There are 2 protein chains.
Amino acid sequence: MKNRLEDLLSTLQAAATLEDLQTVLEELRDYYKVEHTVYHWVNSVGERYGAGTYSAEWVDRYLEKDYLRLDPVIFGCFQRFTPVSWKSLDWSSKPAREMWQDAIDHGLGNQGFTIPIRGPNGQFALFTMNATAADEDWDHFIDENTRDLMIIAHEFNKKALEFEQWGEDGNVPALSPRELASMSCLAKGMSRAQAAAELNISEHTLRVYIESARHKLGAMNTTHAVARALSTGIIII
Amino acid sequence: MKNRLEDLLSTLQAAATLEDLQTVLEELRDYYKVEHTVYHWVNSVGERYGAGTYSAEWVDRYLEKDYLRLDPVIFGCFQRFTPVSWKSLDWSSKPAREMWQDAIDHGLGNQGFTIPIRGPNGQFALFTMNATAADEDWDHFIDENTRDLMIIAHEFNKKALEFEQWGEDGNVPALSPRELASMSCLAKGMSRAQAAAELNISEHTLRVYIESARHKLGAMNTTHAVARALSTGIIII
DNA sequence: CTCTACCTCGCTATTTATGGGGAGTTGCAT
DNA sequence: ATGCAACTCCCCATAAATAGCGAGGTAGAG
């Protein structure tokens, strides 16, 4: 039985398209005997990308009603590090409970378990299992399978990042030490004058570094340059 | 033998102080028969926090020489999602190779394996194994143990977040949708005029959002505000 | 030895951002 | 219904950043 899971992981690691992910998700659903398995990632402007066994109707409705904005699963996972059972989330708001009922009406089970996954540059994704089960049975299922599911979730995200080649493009420009130091100071909130004092150079020299870094980073202005330096990881605040 | 690992995980889950983490790290080192095990995170002001079996001399030297800024392990992991063997990183720069030699001189082994871990609000941490081994032996070690180590790394980070109450709520201010959109535009390199046009509002209104976001983020200037918004993950480029 | 990249400093003019004021609307929640 | 938070708009004066022109010294790579 465990070997079946290993097979699925191998299939996942060999996946080359979104359809392959879809297939693995369906097999995982059958393997774990749950209603649905879903992987999707959510970016900051609220777009969705992913695969799963939810019905097209439910996905359309979710998008149409803009449930992303009020879904306690999204919100809760965004603030949490650890996987979470849906029952433990905050369903106190009325719109959230209405969404919940709507979900049930669209074929979702009454239990859920979602694993938040974070990648470079603020990438954020969710891996979800949905099932119909009694509370204690579901808790037991989670206890038994959390570790395996975390590994699976990790592999799904790895694949998704490969598909979208997030970040991995290595053409990150190399800044000189002084340029990096200048960017760091600015990222910490120093003004040019303060940064120049910090680095023991004239403000004019500092400006040369900032300009140079700007050009290397292909940035429109200082804020842009600092933003790029941060998101490529060449500086850390 | 596997039970020993389960015991260690239980101990970790029951840990209440940093010293407990330290103890677990030492026992993990002995269990895996490696030179060093380290958990540390890089917080948003660039300080270091963590525990590990490195000598105090090496930790001091690392901080003193500001190796954080040029360490290929930090840089490489920041850009990656998956665990990485040190040998596969970019050691082409001379300062990086000097740091490497310095590390060896301070008792580190010639092989390393580091798992990047990301939590809410841009939290970023590393879990590292260091050892003396031949390349093929180390590759084999990694193959055998990556999954267990990923689970362990996850548990360490969970504990660290508990200790510091990083994510679970609060210290990251919630920006309004327009404030977030304004920050996003600026992070993408738009000038105020361009951003205002993009958002279909007057430049004055845009300024109100920027000011408001600045105050909420406790930032000194716009660049600082965008930097904080990026590094806490509330916006992405 | 030459060439390149880096580090350092100066000037002027223009554009842009910031820091104070106010003021009115909408919408959601208590 | 009252209040609070968000959204929208406006003016003015000052501070800061950007763009353009320079120059010279040092260290490493080919």
Side-chain angles (χ1 to χ4, degrees), chain A residues 66 69-70 75 90-99 173-229 234, chain B residues 69-70 92-98 173-229 234-235:
Chain A
D66 208 19
R69 302 243 171 247
L70 57 93
F75 190 68
D90 174 23
W91 294 94
S92 60
S93 98
K94 203 175 135 205
R97 282 195 308 274
E98 285 169 359
M99 186 200 78
L175 300 195
S176 76
R178 288 308 239 181
E179 288 161 354
L180 285 174
S182 303
M183 290 290 106
S184 284
C185 288
L186 296 178
K188 286 173 190 151
M190 297 181 204
S191 68
R192 284 181 172 183
Q194 289 172 313
E198 171 77 18
L199 301 177
N200 286 311
I201 55 178
S202 76
E203 192 173 332
H204 178 88
T205 302
L206 179 79
R207 266 170 48 193
V208 174
Y209 297 142
I210 297 171
E211 288 288 296
S212 172
R214 268 234 322 274
H215 288 128
K216 286 183 183 175
L217 292 161
M220 306 296 293
N221 52 46
T222 301
T223 298
H224 195 199
V226 171
R228 288 201 158 173
I234 59 179
Chain B
R69 302 240 171 252
L70 58 92
S92 61
S93 98
K94 204 176 136 204
R97 282 195 306 273
E98 285 169 359
L175 300 194
S176 76
R178 289 308 239 180
E179 287 161 354
L180 286 175
S182 302
M183 291 290 107
S184 283
C185 288
L186 296 177
K188 286 172 190 151
M190 296 181 205
S191 69
R192 283 181 172 184
Q194 289 173 315
E198 172 77 17
L199 301 176
N200 285 311
I201 54 178
S202 75
E203 196 174 327
H204 310 279
T205 303
L206 179 78
R207 266 175 53 192
V208 175
Y209 296 141
I210 298 172
E211 290 287 294
S212 173
R214 270 237 320 277
H215 288 129
K216 286 183 184 175
L217 292 162
M220 306 295 292
N221 52 46
T222 301
T223 297
H224 195 198
V226 171
R228 288 202 158 172
I234 59 178
I235 63 166

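Just so it is clear, the values below take in all heavy atoms, side chains as well, and ignore hydrogens, waters and symmetry mates. Chain letters run A, B, ... following the sequence lines, proteins first and then strands; every chain starts at 1. Everything quoted here is computed from the prediction, not taken from an experiment.
To the nearest 0.5 angstrom, A:R192 atom CZ is 11.5 Å from B:N221 atom CG. Here the CE-CG distance, from A:M220 to B:L186, works out to 12.5 Å after rounding to the nearest 0.5 Å. Going from atom CE of B:M183 over to atom OG1 of B:T222 covers 6.5 Å, rounded to the nearest 0.5 Å. Once rounded to the nearest 0.5 Å, the distance linking CG of A:N200 with CG of A:L206 reads 12.0 Å.
Of the side-chain N and O atoms in B:S176, one or more sit less than 4.0 angstrom from OP1 or OP2 of D:dC7. Side-chain nitrogen and oxygen atoms of B:S202 include at least one within less than 4.0 Å of the OP1 or OP2 phosphate oxygen of D:dC9. The phosphate of D:dA6 (OP1 or OP2) has no side-chain N or O of B:Y209 nearer than 4.0 angstrom. For C:dA5, the OP1/OP2 oxygens have no side-chain nitrogen or oxygen of A:K216 closer than 4.0 Å.
When rounded to the nearest whole Å, the span between CZ of B:R178 and C1' of D:dT8 equals 9 Å. Taking atom CD1 of residue B:I201 and atom P of nucleotide D:dC10, one finds them 11 Å apart after rounding to whole Å. When rounded to the nearest whole Å, the span between CD of B:Q194 and C1' of C:dT15 equals 13 Å. Straight-line distance from the CD1 atom of A:I210 to the C1' atom of D:dT18: 11 Å, rounded to whole Å. For the pair B:L180 CG and D:dC7 C1', the computed distance is 14 Å after rounding to whole Å. In this structure, A:E203 atom CD and D:dA17 atom C1' are separated by 9 Å, rounded to whole Å. Per the geometry, CZ belonging to A:R192 stands 14 Å off P belonging to C:dT16, to the nearest Å. Residue B:E179 contributes atom CD, which lies 10 Å from atom C1' of D:dC7 at whole-angstrom precision.
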Got a list of protein N/O to nucleotides 19-24 of chain D N/O distances below 3.5 Å?
{"unit_1": "D:dA19", "atom_1": "OP2", "unit_2": "A:R214", "atom_2": "NH2", "d": "2.3"}
{"unit_1": "D:dA19", "atom_1": "N6", "unit_2": "A:R207", "atom_2": "NH2", "d": "2.5"}

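Within 4.0 Å of A:S212, counting heavy atoms only, lies no atom of the nucleic acid at all. Among the atoms of the strands shown, base atoms are found under 4.0 Å from some heavy atom of A:T205.
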